[in-house]
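Residue numbering restarts at 1 for every chain, and letters A, B, ... go by the order of the sequence lines.
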Amino acid sequence: MPVEGSNKTDNQDFMKIFDARIERDEKVEPKDWMPDAYRKTLIRQISQHAHSEVIGMQPEGNWILRAPSLRRKVALLAKVQDEAGHGLYLYSAAETLGIERDELYQQLLDGKAKYSSIFNYPTLTWADMGAVGWLVDGAAIMNQVMLTRTSYGPYARAMVRICKEESFHQRQGYEILLHLVKGSEAQKDMAQDALNRWWWPSLMMFGPTDSESTHSEQSMAWKIKRKSNDELRQAFVDATVPQAEVLGLTIPDPDLKWNEERGHYDFGPIDWDEFWQVVKGDGPCNRERMAHYTKAYEEGAWVREAAMAYAEKKQKRREAAKSDLQVA
Amino acid sequence: MDNSLSPNQALFNFALHMGDNTLIAGHRLSEWTSQGPALEQDIAITNIALDLVGQARSWLSLAGELEGKGRSEDDLAYLRSDREYTNFLLCEQPNGDWGMTIVRQFLFDCYHFELLNALLDSKHEQIAAIAAKSLKEVTYHLRYSSEWMIRLGDGTPESHKRMQNGLDERWRFLGELFEDTETDKVLAEAELSVLPSSLEEAAMNRIEAVLKEATLSQPEVKHFQTGGRKGIHSEYLGHLLAVMQSVPRAYPGQSW
Amino acid sequence: MKNNWPIWEVFIRSKNGLSHKHVGSLHAADAEMAIENARDVYTRRTEGVSLWVVESKNITASAPTDADALFEPAANKIYRHPTFYNLPDEVKHM
């Protein structure tokens, strides 16, 4: 199998075959030759996606113990559990690229790996469970549906599974809000307040505008990404505005209006200073999220170690029993 | 026997008690979300939490029906004080580390499994039906917690120490699970339920067998703690409920 | 590292009559845990009736670089397929 640094002509040939394969929309599979940069980009993107699922459990986990009815409690619990599952599918996809899950954890613990900044905002009221489900999951789905067609096979397959499971998440959130806006004044206010706080961070989830996005161009060429940040953001706004109207809630953007000519909604400028501030670690909850994650990781160490020790003991006992039989 | 307790009141007490046990046990497990020792175990423990809260909904709905005053599962879960909760003390004990949680769950599972098996023969149709559905779930809970008892008991010196410590801490809540109350006596007589004391031998046999394989020793306890079924709880339950009930309590009369 | 659980591949039979199909992977310390983890992770929505788990290191895979030699030769043997043979219209089902 060709490896990086093997003779140059070979690599160039492989590169041609690889490019042609991408051009034909064929999937790349784990053991196929791939350019080192493609592998690195995938590891970075998939693990970032996985970390986002895992850290994303925290803001919603914050309300599992306070869900206001048993029906809401099981739905939220199942949803947050799905996020753990999605993280797991994604780590598995990343592992097919030759990196261990624990190494990915380590990158997150060391602050070298990023996760979606949206999860650095606090969930303050029950209505936030509605807004997060509706907006944050809604935004995530835009991205994830696109990624079911990504060029790397295991990533695409993980996304198919995730999209299937995600389908109830956004509804779950929307239904929470639907219920609140039909309730008391206090409940309606709670819903509007949640939308006010989550709208702009949700738009930021799609990342910097295309002109500023460093990784985008190459990722598009390799068909890892299949739509640009701005395209996805626009699609999200277009899909979400009518949903807000059904709720009778006001999107906190005075510039938001339908543009007949473009066939899209125009929306106001995004506060990119805030975006970069949160990305760089100074969001409202960055420290809390990492502290929570680190604590759980460290407190689980003795469990992981003991399970492994027991597995090895058991294996040895089995082998000993076998050889006893043979002697007899 | 307390003749003032009618069979219907006894049934209500029992359904409520079952609902409270499963709700509080499930709630405690749900605290593990995003904090499990591995992603796989985070998912696993949440499955058990979901099963238990699901069972709680069935039992509390049944309790509401039996009472006949129009109280829903949520009214019973969110609008009763800790003095009105009738779960076992064991269920409300804090999670502690993963090992201590496993110990609590294992002891409860051993009891729960035997009880549900016995309830399959209940002459009360709904009780038998809830038991049948729950038993499948609890059979898995028991398998899961037993394996983890053994794995950690017989794992490393540190895990062994932690498990033994967990067992020593939680054992004093075990006795309460097999105490017969007036409610149980009324129901056992009518073959609607069984006496908890009748479950003890089978449950203890299982516990002993697992402890042996886990290389753990059975603690000796002079006095078992009791009182949960009378609403005399540990200090932990009040805090648990304060959190759990906070939203409906802050906005009385609203629907969510 | 000592506490790294090995990777297992998970296969699910979605219902009797169908083969087990690969669905993904997970980490587990031993086979028993792998089965339980597979149940908890991959069958939360009644996806299956039977599970296989295989430790990944025990799977031998063909090399992609051998793909031409292994699989191309089958492509030109069209006589293995029923459509290679012409039948008169009168013969309907064969």
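In A/R171, the CZ atom is not crowded: 12 or fewer heavy atoms of neighbouring residues, nucleotides or ligands sit closer than 6.0 Å. At most 12 non-hydrogen atoms from other residues, nucleotides or ligands lie less than 6.0 angstrom from OH of B/Y236. Counting non-hydrogen atoms of other residues, nucleotides and ligands closer than 6.0 Å to CD of B/E235 gives a total of 12 or fewer.
No part of A/M129 comes within reach of chain B, as not one of its non-hydrogen atoms sits under 4.5 angstrom from that chain. A/Y293 does not touch chain B: none of its heavy atoms, backbone or side chain, sits under 4.5 Å away. At a 4.5 Å heavy-atom cutoff, the contact between B/S246 and chain A is made by side-chain atoms alone. For chain B, the nearby parts of A/L70 are the backbone and the side chain; heavy atoms of each come within less than 4.5 Å. In this structure, no portion of B/L240 lies under 4.5 Å from any heavy atom of chain A. B/R249 does not touch chain A: none of its heavy atoms, backbone or side chain, sits under 4.5 Å away. Heavy atoms of B/E40 lying under 4.5 Å from chain A belong to its backbone as well as its side chain. For A/Q187, the part lying near chain B is the side chain, with the backbone staying farther off; criterion is any non-hydrogen pair under 4.5 Å. In this structure, the portions of A/A78 lying under 4.5 Å from any heavy atom of chain B include both its backbone and its side chain.
Considering only heavy atoms from C-beta on, A/L180 comes within 4.5 Å of B/W256 through its side chain. B/M244 places a side-chain heavy atom less than 4.5 Å from the side chain of A/K73. Contact check for A/L65 versus B/E31: side-chain heavy atoms found under the 4.5 Å cut-off. When side chains are defined from C-beta on, A/L88 does not count as touching B/D42, because their heavy atoms never get closer than 4.5 Å. You'll find the side chain of A/W302 reaches within 4.5 Å of the side chain of B/L152, heavy atoms only.
Of all the listed residues (B/S255, B/S159, B/G99), the one sharing the greatest number of non-hydrogen pairs under 4.5 Å with chain A is B/S255. Listed options A/R71, A/R72, A/Q58 were ranked by heavy-atom pairs under 4.5 angstrom with chain B; first place goes to A/R71. Note on B/R57, B/Q35, B/H160, B/Q41: by heavy-atom pairs under 4.5 Å with chain A, the leading option is B/R57. For the options A/A311, A/A296, A/G183, heavy-atom pairs under 4.5 Å to chain B are most numerous at A/A296. When each of A/V74, A/L77, A/T125 is checked for heavy-atom pairs under 4.5 Å with chain B, A/L77 comes out on top. Contacts with chain B were tallied for A/H179, A/M57, A/E175; A/H179 has the most, counting heavy-atom pairs under 4.5 Å. For the options B/V243, B/D74, B/D154, heavy-atom pairs under 4.5 Å to chain A are most numerous at B/D154. Of the listed residues A/E298, A/E60, A/M190, A/K295, the one with more heavy-atom pairs under 4.5 angstrom with chain B than any other is A/M190. The greatest number of non-hydrogen atom pairs below 4.5 Å with chain B, out of A/E299, A/K314, A/R101, is found for A/R101.
A pairwise comparison of heavy atoms in A/H292 and B/S34 identifies NE2-OG, 2.8 Å as the closest pair. Here the closest non-hydrogen pair linking B/L39 and A/A84 is CG-O, 3.7 Å. Closest approach of B/Y251 to A/A186, counting heavy atoms only: CE2-CB, 4.0 Å.
Classification of B/E213 and A/R317 as a salt-bridged pair fails, no side-chain N sitting under 4.0 Å from a carboxylate O.
Here the CD atom belonging to B/Q254 is positioned 13.5 Å from the OG atom belonging to A/S69, to the nearest 0.5 angstrom.
The closest donor-acceptor contact from the side chain of B/R151 to the backbone of A/A306 lies at 3.5 Å or more, if one exists at all.
The only option from B/T33, B/N47, B/T46 that meets the side-chain hydrogen bond (donor to acceptor under 3.5 Å, both in side chains) definition with A/Q81 turns out to be B/N47.
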